[in-house]
Amino acid sequence: MSERKVRVRFAPSPTGPLHIGGVRTALYNYLFARQHGGDFIFRIEDTDSNRFVLGAEEYIIESFKWLGLEFDEGVGIGGDCGPYRQSERRDIYKHYVQELIDAGKAYYAFDTPSELEAKRAEVKNFQYDASTRMAMRNSLSMPADEVRGLIDGGAAYVVRFKIEPGEDVHVNDIIRGDVVINSSILDDKVLYKSADGLPTYHLANIVDDHLMRVSHVIRGEEWLPSAPLHVLLYRAFGWEDTMPQFAHLPLLLKPEGNGKLSKRDGDRLGFPVFPLEWHDPKTGEMSSGYREAGYLPEAVINFLALLGWNPGTEQEIMSLDELIRLFDLHRCSKAGAKFDFEKCKWFNHQYIQRCDDTDLARQMQPQMEAEGVTAPLDKVAKVVGMMKGRVSFVKELWDTCRFFFVAPTEYDEKTRKKRWKEESPRQMLELADVLEGIDDFSLHNQERIVMQWIEEKGYNTGLIMNAFRLAIVGEGKGPQMFDITEVLGKEETLRRLRRAVEVLK
RNA sequence: GGCGCCUUCGUCUAGUGGCCUAGGACGUGGCCCUCUCACGGCUAAAACACGGGUUCGAUUCCCGUAGGCGCUACCA
C-alpha cells in the first residue's frame, strides 16, 4: 500500500459548535491533504440522533469558510462518494452489518439497556466479551429458532462485533509508532443500535473511510483506545490491505490545571474556545468566538498549527502556504498541549502588523461611523499605519486612533500633574504663535522650527513636548508629536492647543 | 479499578548518546532607544518528574516508580 492518492477527512458530529481542538484536527488534515495534492473530505457523523443540534452543521461550514480552509468534497460540496451525511447512508451500513453477521463475525444481542445496566451494577467490571457473552441473551447463546422468532416478532436488538480474545492487535500510528493492545481487553462493541436503527460511530467510520477511499485517518488521541477495534473491523471486512494509516494527535488541554480544554474554560478565563460565536438553540446561552473577538483567521491558524507541531526551525510566523509546505506528521508531538491564550493574542498582534493599512482602516469604519466621525480613507489609513503597532485586535484600533479625529474634551489627571507645569500655559501660547507662523506644516518643517525655538529660548525639550502632547492628545501617549500634528493640520492643532491652555490654565 | 498514551523553563517547544555551561518563542523583570506611550533592540530569571540500569559518557536507550491525560455507553 503506497501509491494511493492521499484522501483525508474531517468528520465532526453536529452536536454543537465546532471546538477549537476540532479546528486544529481539521487544520492538520487540510495541511496534509494540500501538501500531498490530495483530497480533503467533509463528512457529517450524525449517527446519534439524540445529540443532534440544529444549526451545528451550518455553524461548522461557516467556521471553515471564515478560516479559509476549503474542502474538496463532502456535505454541501458533493463528490462521487456521497452521500456524506451518515444519517443518509443507513442502507449502506445495513448491508455491511449483514455481511458481518453472515460471516459469523457479528451477532444479534437482545439484552436491553436496563438489563445491561443491572449487570454492570451487579458485576464489578462487567464487560460484554468472549468471557461473558454466552451468559447473555444473544444469537450466540440462544437457539437459532428462538433468535429467529425474536427477530421476526419485532424484538429490539443490537448487533455486536464478535471479538476473538487473546490476540495482540497492532496499530501502526504515524505519530506514536507501534501500539499494541490485546483483543481480550476489548468488548464486543455494539455496531448497530436498536434505538434509532443507525450504526455506531465505529461501524460507520470504517465503512465510510473504506468506501470514501480515505488514505490517512488523522484524529484526536481520544480515539487511540478504539483504534485496535477499528483495525479488527477492517480485517473482518477483508479491507486490511487498504486500511488507512493512523495518526493520533495529542489533545488540547486547559490553560490552567488539568484536563481537556472545554467550553467552560473559555467562559471562565474569558477567551473563546470556538471559532465563531455560538448561540445555543436550547439554552439560549451564548459562547464567544474568535471571529467576533477580533481574531484574524490567519493568526488563529498559525497559532493552532504550532500547538502540537513545529517546523524544526525557529520560525513561528507562517502563512497557510508555508504551513502546507512545512507540515509534517512526523514532527507532531505526543504530549497534550495547554492552550496559551496570551500567545494566541501575540500571533494576532503579529498578523495585524502585516495587514494592509487601508484594509484595516476599512474595518475600523463602522466604529468611526458609530461615533459620527468621517474622514478620508487615505488619512485614516495613514493614522492606522502609525498606530497599529500598539494593538492586538482590530477592534482596539479605533480607541487608540480616536484622538486623531476627535479633540480631547478632558485631560488625563495623572498626566496633567506630571507634565503640566506652572510655566506651561505661557509656553504653550508661545508655541501656538510659533506654529501659527509656519506655512509649510509638514512634519520636518515643524520639527525644525519648533526645535529651533526651544533652543533659542533655552527651554527643556521634554517639558515642552509633553505639555504639548497633553494639550493635543489629552493624555501622555501616542506617536511622535509632529507625526500627530502633521495629520491634524495647523488649524486643528492650534485650536486644541489654545483650548487646552484655557481649560488647564 | 482495567487498558492505553504521555512526561524538557509558568506556557508552546528545540533536542534523536558527547556540539547542552540545555536553544527559541509567549509571558515576567531590567536596560537601551526616546518628547510620552507603544514598537523595536539587548538582557535577566526560569526546565531535562524521580529511582535504577546500559555506556567511557545520558535530556537523549532500557526497566521501575510517580504524576498527568484519554478510553472503558445501543456518544462521537
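Reminder, nothing fancy here: chain letters follow the sequence lines and each chain counts from 1.
Residue A:N125 is classed as a base contact, given a heavy-atom separation below 4.0 Å to a base. Note on A:T112: a base of the nucleic acid sits closer than 4.0 angstrom, heavy atoms only. Here A:P479 lies in heavy-atom contact (under 4.0 Å) with a base.
Between B:U13, B:C75, B:G70, one nucleotide has an atom nearer to the side chain of A:P225 than all others, and that is B:G70. In the set B:U7, B:C75, B:U36, B:U36 carries the atom at the smallest distance from any side-chain atom of A:R469. Minimum atom distance to the side chain of A:L224 is reached by B:G4, of the listed B:A73, B:G4, B:G24. Across B:C35, B:C74, B:U11, the shortest atom-to-atom separation from the side chain of A:L116 is found for B:C74. Distances from the side chain of A:R120 to the nucleotides B:C35, B:U36, B:A73 place B:A73 closest. Taking the side chain of A:E222 as heavy atoms from C-beta on, and the options B:G10, B:C5, B:C71, the nearest nucleotide is B:C71. Among the nucleotides B:U13, B:G40, B:G4, the one closest to any side-chain atom of A:Q350 is B:G40. In the set B:C12, B:C6, B:U36, the nucleotide with an atom closest to the side chain of A:K343 is B:C12.
If you measure from atom NZ of A:K334 to atom P of B:G15, you get 11 Å, rounded to the nearest angstrom. Going from atom CE of A:M136 over to atom P of B:C74 covers 11 Å, rounded to whole Å. The distance from atom CD1 of A:I317 to atom C1' of B:C26 is 11 Å, rounded to the nearest whole Å. Spacing between atom CD of A:E475 and atom P of B:A38 amounts to 12 Å, rounded to whole angstrom units. Atom CG of A:L306 is separated from atom P of B:C26 by 12 Å (rounded to the nearest Å). Residue A:E57 contributes atom CD, which lies 16 Å from atom P of B:A76 at whole-angstrom precision. Regarding A:L198, its CG atom lies at a distance of 9 Å from the P atom of B:A76, rounded to whole Å. Rounded to a whole Å, the CG atom of A:D178 is 13 Å from the P atom of B:G4.
Judged by the 6.0 Å distance and 45° axis criteria, A:R160 is not positioned over the aromatic ring of A:Y108.
Inspection of the A:Q86 and A:D208 side chains reveals an N or O donor paired with an N or O acceptor under 3.5 Å. With 3.5 Å as the limit, one finds no donor-acceptor pair spanning the side chains of A:Q480 and A:E447.
Nucleotide B:A25 forms a Watson-Crick or G-U wobble pair with B:U11, both donor-acceptor distances falling under 3.5 Å. Pair assignment for B:U60: none, as no Watson-Crick or G-U wobble contacts are both less than 3.5 Å. Base pairing analysis places B:U36 opposite nothing; no Watson-Crick or G-U wobble pair with both distances below 3.5 Å involves it. As the counterpart of B:C69, B:G4 is assigned, both hydrogen-bonding distances of the Watson-Crick or G-U wobble pattern falling under 3.5 Å. The partner of B:U54 cannot be assigned: no Watson-Crick or G-U wobble pair with both contacts below 3.5 Å exists in any strand.
To the nearest whole angstrom, the two C1' atoms, one in B:U28 and one in B:G15, are 25 Å apart. Across B:C26 and B:G17, the matching P atoms stand 30 Å from one another, rounded to whole Å. B:G41 and B:U65 have their P atoms separated by 48 Å, given to the nearest Å. Straight-line distance between the P atoms of B:A49 and B:C6: roughly 15 Å, to the nearest whole Å. Nucleotides B:A25 and B:G64, compared at atom P, are 38 Å apart to the nearest Å. B:U59 sits 8 Å from B:A22 when the C1' atoms are compared, rounded to a whole Å. When the P atom is compared between B:G2 and B:A73, the two are found 16 Å apart, to the nearest whole Å. Between B:G57 and B:C19, the distance separating the two C1' atoms is 14 Å to the nearest Å.
Both A:G336 and A:V158 lie near RNA chain B, and the one whose nearest nucleotide falls closer to the 5' end is A:G336. Each of A:L307 and A:R176 has a nearest nucleotide on RNA chain B; the 5'-most of these lies closest to A:R176.
If you run side chain to side chain donor-acceptor pair (under 3.5 Å) between A:S87 and each of A:D48, A:D196, A:D46, only A:D46 comes through. The one candidate from A:H202, A:H210, A:H248 that meets the ring pair (Phe, Tyr, Trp, His ring centres under 6.0 Å) condition with A:H230 is A:H202.
For B:C35, the base has a donor-acceptor partner in the side chain of A:Q480 [N/O atoms by modelled type, under 3.5 angstrom]. Below the 3.5 angstrom threshold, one finds a donor paired with an acceptor across the side chain of A:S194 and the base of B:C74.
The local environment of CD in A:E422 is sparse, with at most 12 non-hydrogen atoms from other residues, nucleotides or ligands closer than 6.0 Å. Annotation: A:E117, atom CD; neighbour count of heavy atoms from other residues, nucleotides and ligands within 6.0 Å does not exceed 12.
A:T461 places none of its side-chain heavy atoms less than 4.5 Å from the side chain of A:I464.
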